[in-house]
Amino acid sequence: MTKPDLAISRIMTVVAVALVDGDGRVLLQRRPEGKAMAGLWEFPGGKLEAGESPEAALVRELREELGIDVEAACLAPATFASEPLGDRHLLLLLYACRKWRGVPQALEASALKWARPLEMHGLDMPPADRPLIGLIEALL
Ligand code: C5P
C-alpha cells in the first residue's frame, strides 16, 4: 500500500487569483513560450514554496508576475480545482481580489487580457482553470 506521506508529496498545490476590476472583468495571463502549456490563458499565480501559506505565496507571485501589491487580507478564498497532472495531481486554489496597488504588467507572461466569463469560454485555458470559469461567474 502507498504510504500517505508519499501520496501527499505527489500533490502540487498552486494558488491563483481572479483579479476583478470595476467593470466585472477578470485578468488572465498567457503562458509564455518555453513553459509547459505555452500559449494557454490562465489565472495568475504559481506554486507554493516550502513552508509558505497560500496567501503569502499569492502576494509573492503577484508581485513577481504582474508587479502589483496585494494585501493578504484582501484575498478571499473563492473555489478550487483538482486535476491529474502527469504522474502528479494539481490542486489549484483560486482566490478573488478586487483591490491592489499598481498597474498589472506582463512581467513573466507573454500577454495579459481583461476578460468577461463569456469571453473566457472561448479561450484555450489549462484544464484546472477551465472548470473555474462557471464558478467565478457567480462571484461577479
Ligand atoms: O507557472 P508554473 O509553471 O510555475 O505553474 C506550475 C503548474 O501549475 C503548471 O503545471 C501550470 O500549468 C499549473 N497552473 C495552472 N493554472 C494556473 C497556474 C498554474 O494549471 N492558473
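Computed from a prediction, not measured in an experiment: that's the story for all the values here.
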[X] [atom1] to [Y] [atom2] distance, which is reported to the nearest 0.5 Å:
X: K99; Y: L19; atom1: NZ; atom2: CG; value: 13.5 Å
X: L112; Y: L107; atom1: CG; atom2: CG; value: 8.5 Å
X: K47; Y: L90; atom1: NZ; atom2: CG; value: 9.5 Å
X: L93; Y: L58; atom1: CG; atom2: CG; value: 9.5 Å
X: R98; Y: C74; atom1: CZ; atom2: SG; value: 12.0 Å
X: W114; Y: L27; atom1: CH2; atom2: CG; value: 4.5 Å

(message) Run the side chain to side chain contact (heavy atoms under 4.5 Å, CB included) test on I68 and V103 for me, step by step, so that the C-alpha distance in whole Å, both residues' side-chain angles and the decisive distance to 0.1 Å come before the verdict.
(response) CA-CA 6 Å; I68 60 170; V103 177; 6.0 Å; no
Which pair of non-hydrogen atoms, one from [X] and one from [Y], has the smallest distance, and what is that distance?
X: V70; Y: V59; answer: O-CG2, 3.6 Å
X: A18; Y: F43; answer: CA-CD2, 4.4 Å
X: I133; Y: M125; answer: CD1-SD, 3.6 Å
X: P32; Y: A38; answer: O-CB, 3.3 Å
X: V15; Y: L92; answer: C-CD1, 4.5 Å
X: S82; Y: L91; answer: CB-CD1, 4.4 Å

(request) Quick one: do V26 and M120 satisfy side chain to side chain contact (heavy atoms under 4.5 Å, CB included)? Show the steps, please. (result) CA-CA 9 Å; V26 173; M120 287 183 204; 3.4 Å; yes
Any side-chain heavy atom of [X] within less than 4.5 Å of one from [Y]?
X: L140; Y: P117; answer: yes
X: D69; Y: R63; answer: yes
X: P127; Y: M37; answer: yes
X: W41; Y: K113; answer: yes
X: L85; Y: E83; answer: no

(request) Give every residue pair that meets the salt bridge (charged side-chain N to carboxylate O under 4.0 Å, His left out) criterion with at least one member in residues 24-33, sequence neighbours excluded. (result)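 Qualifying pairs: D21-R25, R31-E42.
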(message) I need the full list of side chain to side chain donor-acceptor pair (under 3.5 Å) pairs touching residues 124-140, with sequence neighbours left out, sorted by first then second residue.
(response)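 Listed once each, the pairs would be none.
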(message) Would V14 and M12 count as a side chain to side chain contact (heavy atoms under 4.5 Å, CB included) here? Give the steps.
(response) CA-CA 6 Å; V14 169; M12 180 168 74; 4.2 Å; yes
(request) May I ask you to decide whether R60 forms a salt bridge with E49, counting only side-chain N to carboxylate O separations under 4.0 Å? (result)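 The answer is yes: the pair qualifies as a salt bridge.
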(request) Using a strict 4.0 Å threshold on nitrogen-to-oxygen distance, state whether D87 and R10 make a salt bridge. (result)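 Not counted as a salt bridge, because no side-chain N and carboxylate O are separated by less than 4.0 Å.
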(request) Check the surroundings of atom CD in E71: do more than 12 heavy atoms from other residues, nucleotides or ligands lie under 6.0 Å from it? (result)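 At most 12 heavy atoms, drawn from other residues, nucleotides or ligands, come within 6.0 Å of this atom.
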(request) Report the C-alpha separation of D23 and R116 in whole Å, then their side-chain angles, then the decisive distance to 0.1 Å, and conclude whether the side chain to side chain contact (heavy atoms under 4.5 Å, CB included) test is met. (result) CA-CA 9 Å; D23 293 329; R116 296 183 196 285; 4.0 Å; yes
(message) Any side-chain to backbone donor/acceptor pair from E65 onto G45? Under 3.5 Å, distance only.
(response)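 The answer is yes, because a donor-acceptor pair under 3.5 Å joins these two groups.
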(request) State which residue, out of L139, I136, V17, fulfils the side-chain contact (heavy atoms from CB on, under 4.5 Å) condition with L94. (result)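 Going through L139, I136, V17 one by one, the side-chain contact (heavy atoms from CB on, under 4.5 Å) with L94 is satisfied by I136 alone.
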